[in-house]
Amino acid sequence: MHSAPHPRGRGPRRRGGGAHVLCEKPIAIDLASAERMVAACDAAGVRLGVLFQRRFWPAAQRLRAAVDDGTLGRPILGHASVLLHREPEYYSAAAWRGTWATDGGGVLMTQAIHYLDLLQWLMGEVIEVHGYVGTFTHAIEVEDTAAAVLRFASGAMATLSATTAAAPSLGVSIRITGETGATAELTEFPEGTDGRVTILARGRTIDSEPAHPAGIDPDVDLATINGQLIPHHTTQIRDFVEALGAGREPAVTGHDATAALAILLAVYESSRTGRPVRLAQPAATPEGAS
């Protein structure tokens, strides 16, 4: 059900002089390019990893454990709320930002893809998407706001709301309800800080902490956001190196990253057509391939 961060067996040795690949998200801005990358690495017998460093928050690992150990059990309902703030200068500072040709999308492609990855990691494979995108505040080609409903292979459902037009930012929350009736919520506020488990509700008990503590500046500059995430980049890079030594897959594979990309591209297609989009079922991963 999950692409879990643990060894799945020793894979083939590298053939020839090929190098293993670790790239930033998104893996690509179109599905064909992502699939070519995965296929090329599979054919060369090298590992392909993609940086989704928020999986490595201790709190994210705690949520995953709550799914796996039965505290939540099989997820049945999820939600990702991505309410971020970007100044107009964020887009004007770099010519590639905010365009379909070079950015590939807006809030979904650049920011919300992290949380789509968390949803699929916690809840499993997405098989259908119905969504809408719009541009309401920023002078950009691509969307600054999106909403979607996701349906999973397990029968579970989730919703996504995302924007870079919030003022001030409210950060991000990921909420999962499992078949046991328990609910857990992960909050990233301010953006770039470590996620925290702000709600764990089970039985007749609700453990909670404020999602938006008083006295904190909600709008953080991009350099600060990126700097605070460096420890989790480091952890993921360490996992990738250890995976190479152990002959196992890294925690986040090219297949995982392609799946996250496919979800957000389905939101775009659904918004264009006004219809739900069924996601293609992935081909079986070759034994030992990344």
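The shown structure was predicted, so the numbers you read here are calculated from the model rather than taken from an experiment.
Partners of Glu35 by salt bridge (Lys or Arg N to Asp or Glu O under 4.0 Å), not counting sequence neighbours: none found. By the side-chain hydrogen bond (donor to acceptor under 3.5 Å, both in side chains) test, Ser271 pairs with no residue at all, sequence neighbours left out. Every residue two or more places apart in sequence or in another chain was checked for a side-chain hydrogen bond (donor to acceptor under 3.5 Å, both in side chains) with Asp217, and none qualifies. Annotation: side-chain hydrogen bond (donor to acceptor under 3.5 Å, both in side chains) contacts of Thr71 (sequence neighbours excluded): Asp69. Taking Glu141 as the reference, nothing meets the side-chain hydrogen bond (donor to acceptor under 3.5 Å, both in side chains) condition, with sequence neighbours excluded. Arg97 pairs by the salt bridge (Lys or Arg N to Asp or Glu O under 4.0 Å) definition with nothing, not counting sequence neighbours.
Here Leu170 sits in one hydrophobic cluster together with Leu83; the rule is ILVMFWY side chains under 4.5 Å apart, joined directly or through other members. Alongside Ile216, the hydrophobic cluster contains Phe189 (criterion: ILVMFWY side chains under 4.5 Å).
Hydrophobic clustering places Leu279 together with Leu265 (ILVMFWY residues linked when any side-chain heavy atoms are closer than 4.5 Å, directly or through intermediates). By the criterion of side-chain heavy atoms lying less than 4.5 angstrom apart, applied directly or through intervening Ile, Leu, Val, Met, Phe, Trp or Tyr residues, Ile140 is grouped together with Tyr90 in one hydrophobic cluster.
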Can you check salt bridge (Lys or Arg N to Asp or Glu O under 4.0 Å) on Arg86 and Glu191, steps first, answer last? CA-CA 11 Å; Arg86 291 293 185 272; Glu191 185 184 359; 2.8 Å; yes
Please evaluate residues Val172 and Thr187 with respect to the criterion side chain to side chain contact (heavy atoms under 4.5 Å, CB included), reporting the C-alpha separation (whole Å), side-chain torsions for both, the decisive distance (0.1 Å), and the verdict. CA-CA 6 Å; Val172 176; Thr187 298; over 6 Å; no
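Put simply, the side chain of Lys25 does not reach to within 4.5 Å of the side chain of Leu51, judged on heavy atoms. Within the 4.5 Å cutoff, the side chain of Leu31 has heavy atoms near those of the Leu261 side chain. Contact annotation: the side chain of Trp57 approaches that of Glu188 to within less than 4.5 Å [non-hydrogen atoms, C-beta and beyond]. Side-chain contact between Thr253 and Leu48 is absent, with no heavy atoms from C-beta onward closer than 4.5 Å.
Nearest heavy atoms, Leu108 versus Leu264: O-CD2, 3.7 Å. Here the closest heavy-atom approach between residue Thr180 and residue Gly70 is recorded as CG2-O, 3.3 Å.
A donor-acceptor pair under 3.5 Å is formed between the side chain of Asp239 and the backbone N or O of Ala251. The closest donor-acceptor contact from the side chain of Gln236 to the backbone of Phe52 lies under 3.5 Å.
Within the structure, ring-ring contact (aromatic ring centres under 6.0 Å, His included) contacts touching residues 142-168 (residues at least two apart or in different chains) do not occur. Legend: side chain to side chain donor-acceptor pair (under 3.5 Å) pairs involving residues 204-213, not counting sequence neighbours, sorted by first then second residue: Arg196-Glu209. Note on residues 163-180: pairs passing salt bridge (Lys or Arg N to Asp or Glu O under 4.0 Å), not counting sequence neighbours, are Arg74-Glu179, Arg175-Glu185. The stretch residues 145-163 participates, sequence neighbours left out, in these salt bridge (Lys or Arg N to Asp or Glu O under 4.0 Å) pairs: Glu128-Arg151.
With rounding to the nearest 0.5 angstrom, the OG1 atom of Thr183 is 8.0 Å from the CD1 atom of Ile199. The CZ atom of Arg55 sits 13.5 Å away from the CG atom of Leu63 when rounded to the nearest 0.5 Å. One finds the CD1 atom of Ile27 at 13.0 Å from the CD1 atom of Ile29 (value rounded to the nearest 0.5 Å).
When ring centroids are compared, Tyr268 and Trp100 come within the 6.0 Å threshold.
Ring geometry for Phe240 against His20 counts as perpendicular: the plane angle is over 60°, on a 0 to 90° scale with 30° as the lower cut.
In summary, the side chains of Glu87 and His138 do not present any donor paired with an acceptor at a separation below 3.5 Å, with no hydrogens or angles considered. Side chains of Tyr132 and Thr145: no donor on one and acceptor on the other come within 3.5 Å.
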